[in-house]
Amino acid sequence: MSRRNSTPSKSLGLMTNRRAFLKTAAGAMAAPYVIPSSALGADDSTAPSERIVMGGIGIGNMGRGDLGAFLGRKDVQYVAVCDVKKGVREGAKGRADQHYSNSDCKAYNDFRDLLARDDIDAVHIATPDHWHVQIIIAACASGKDAFCQKPETRTLRENRLVVEAGRRYSRVVSGGSQRVLQDYRGVVNKCWGGEIGKVKSINVNVNPLSVPCNLAGQPIPDGFDWDMWLGPAPWAPYHPYRCSGSFNINGTSWRSFSDYSGGGMTDWGAHHFGGATFAIDVRELEPEEVIYNDEGGRKFLTFRYPNGKLLYHNRPNTGNMQVEGTPDEKVPAKTVPSYKGQGGICGDFIECVKTREKPFRDIAFAAHTMTVCHLGLIAYEVQRSLKWDTAGQEFPGDEEANRFLDRARREPWVL
Amino acid sequence: MRHQKLTGLALAGSAVLASSTAVAADKAEVDKAFETLKTYDWGADRKLMAPIDQAVVDTQDDAAGRKDLETRLLAVLAGGPSRSAKDYICRTLKTMGTAASVPAMAAMLADKDVSHMGRYALERIPAPQAAAALRDAVAKLSGALKVGVIGSLGVRGDTASVGALSGLLGDGDKSVASAAAHALGVIGDPQAGKALAGFAKKAPEGVKPAVADACLICAEQLLADGKKAEAIALYKALGGEDQPKHVRVAATRGLLAAAGKKD
């Protein structure tokens, strides 16, 4: 196999070089290289021609909320919606049309038709997780910025691909966990403020893991493009639990099933691990080892970062976001990064679309969080500790674990 | 009653199943699961396969145990089980299959119902026979199934398929031509780069975006490998007014990065 292979024989030095190239190339064009004609203003008097022109892909549940956040902005002109459920997309179109008192919003079943429009500057994506990277990369390749709900990726290989695509096309790509900044301020302020001294570790409790699905088929509802919902995932018969967008992870939602989600490990993990890695300031790093612990039948994980900091998953007798430090040894406070612009994480994205800065939840940070989630899933799957080559993006010398780096996509989808 | 353990590896807790209750696979339970697999279908309790799942984990350092499991999975597959059972077998072989599984997986590639699951295993089985089976299939398939196999060759980084993939750039099926371009970009060796650079200017409208994207992907790889001249050729191939602005900008960025690289 060649060096590009995501299976075991890939050259360890390759990704280092590749990342170095992308970094160099980004530096070569660090200044704004293109300003969409629509990206020129943000006040209440923003003319329609100067607004960020947006569309939404996957607009049930979380997408519905994101649509509302973007639709309510004076500096956004919302022109297109896409969903594989006819009723959902028509409802979203109606909402946009009512907001603007016109009928201009176009509704699509296939996201490729929406991305083919050259008048759209940016998209927000809130499909089930197994679709995220396929659509983000397609958006980047069509010259559009992208805001994607968490969990942003479904495999380790996808982490690398989505970051590279964003950098390749100089796109603003934001992950979608609003909780990373908003839910854990107390812990973040303690850590960044120096109150607990040198941070040694933090613990995250999230459950459950996703499981395989073997539900029997039922008739496909009218107006539901089931094949498109499945997309790159393996074919399976329709069942309402298989594709329900419920937030329950108990076998009654797609978040329960491993073809589409990592369960609590990724769904809540994107929030909690994202917040934890932000709090202990390792969001620019990836762990180089995950230790599979078994204490009297109680399984938990220890992620070890190159700087020695530890991140636990489900450590016994340890609270969620519980931090260990050296309180007697105060350290200087650091300025806590925050959103740009107004309007939370969606506002941060829009501001960065205008300025071409990196958003708070830049896709590289999001991918690093997802690395934690995916490494954890694989360690539980193979039930042993794993070494992770952060530069090579593989498990060095571990053929079995490397089989979990990615999974084949159902035709015609390729990455 | 407890039965003989399948192996001495008693790693407890399958993450995908029931992490708090799983124990090392029990031989009788594994036998029962294999018997169940013969009639397993959609709607059956997925936990019925848990003993096999655990046996796969337990045999990570047990080549003989793995060979036995693989042989038994292939035997059930040869018996013509349900689509759900085939799905389960392919998923399991993705994790632990060897060259011995390749013929059975390859035989599935032309079947639209299970082609993907054949690739699901073949794409991740490291044995070179898996890549060879995918290469053989490219010439025999058409349409979406061909696209899928081309994609898998790209993911595997199969340099041996570059010649065949280059020949598909001009395929009348635009989805095949686009997939071939993407796979060449992902493979990213000098021969792939040469094919893409030579085709970029003559790519038809429906294929041009995929070829441009593939050129950029390939060029990044070539530059990272120190193949500066080859990378520059690809970037220059995207410089015309026939390309959209964001592609030309990306190519310009690449040229700037290449200019900063030592020969």
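Small disclaimer: the values here were computed from a predicted structure and weren't measured. All chains are named by letter (A, B, ...) in the order of the sequence lines, taking the proteins before the strands, and each is independently numbered beginning at 1.
- Across all non-hydrogen atoms, the minimal contact from B:Ala44 to A:Asn214 is O-ND2, 3.1 Å.
- The nearest pair of heavy atoms linking B:Trp42 to A:Cys213 is CZ3-O, 4.5 Å.
- At a 4.5 Å heavy-atom cutoff, A:Ala138 makes no contact with chain B through either its backbone or its side chain.
- In this structure, chain A has a heavy atom under 4.5 Å from the side chain of B:Tyr40, while its backbone stays farther away.
- For chain B, the option among A:Pro237, A:Cys140, A:Gly217, A:Ala236 with the highest count of heavy-atom pairs below 4.5 Å is A:Pro237.
- One finds the CD atom of B:Glu123 at 11.5 Å from the CZ atom of A:Arg407 (value rounded to the nearest 0.5 Å).
- Counting all heavy atoms, side chain and backbone alike, A:Arg403 lies closest to B:Leu93 at NH1-O, 3.5 Å.
- Options A:Ala141, A:Pro234, A:Gly263, A:Ala165 differ in how many heavy-atom pairs under 4.5 Å they form with chain B, and the most are formed by A:Pro234.
- Under a cut-off of 6.0 angstrom, the local environment of NZ in B:Lys94 is crowded, with over 12 non-hydrogen atoms contributed by other residues, nucleotides or ligands.
- Separation of atoms CZ (B:Arg119) and CZ (A:Arg410) is listed at 10.0 Å; rounding is to 0.5 Å.
- Salt-bridge annotation for B:Lys245 and A:Asp118: absent, with no side-chain N of the basic residue lying under 4.0 Å from a carboxylate O of the acidic one.
- With a 4.5 Å cut-off on non-hydrogen atoms, B:Asp87 touches chain A through its side chain but not through its backbone.
- Neither the backbone nor the side chain of B:Arg248 has a heavy atom closer than 4.5 Å to any heavy atom of chain A.
- Ion pair A:Arg167/B:Glu220 not flagged as a salt bridge, since none of the NZ, NE, NH1 or NH2 atoms sits closer than 4.0 Å to an Asp/Glu carboxylate oxygen.
- Distance NE2/B:His116 to CH2/A:Trp413: 13.0 Å, rounded to 0.5 Å.
- From B:Leu109, atom CG reaches atom CD of A:Glu411 across 9.5 Å, with rounding to the nearest 0.5 Å.
- Heavy-atom distances place no part of B:Ser175 under 4.5 Å from chain A, backbone and side chain included.
- A donor-acceptor distance shorter than 3.5 angstrom exists from the side chain of B:Arg124 to the backbone of A:Asn402, with no hydrogens or angles considered.
- By the neighbour-count criterion of 12 heavy atoms within 6.0 Å, atom OH of A:Tyr241 is sparsely surrounded, having that number or fewer from other residues, nucleotides or ligands.
- For a residue to count as touching a neighbouring chain, one of its non-hydrogen atoms must lie under 4.5 Å from one of that chain's; by this rule A:Asn314 does not touch chain B.
- B:Ile217 contributes atom CD1, which lies 8.5 Å from atom CD of A:Glu164 (distance to the nearest 0.5 angstrom).
- With contacts defined as side-chain heavy-atom distances shorter than 4.5 Å, the pair A:Trp235/B:Arg83 qualifies.
- Contact detail for B:Val147 and A:Val414: the closest heavy-atom pair is O-CG1, 4.0 Å.
- Of all non-hydrogen atoms in B:Arg253 and A:Ser170, the two that sit nearest each other are CD-OG, 3.1 Å.
- For B:Lys228, the NZ atom is densely surrounded, since the number of other residues' heavy atoms within 6.0 Å is greater than 12.
- For B:Gln60 against A:Arg384, the heavy-atom pair with the smallest separation is OE1-NE, 2.6 Å.
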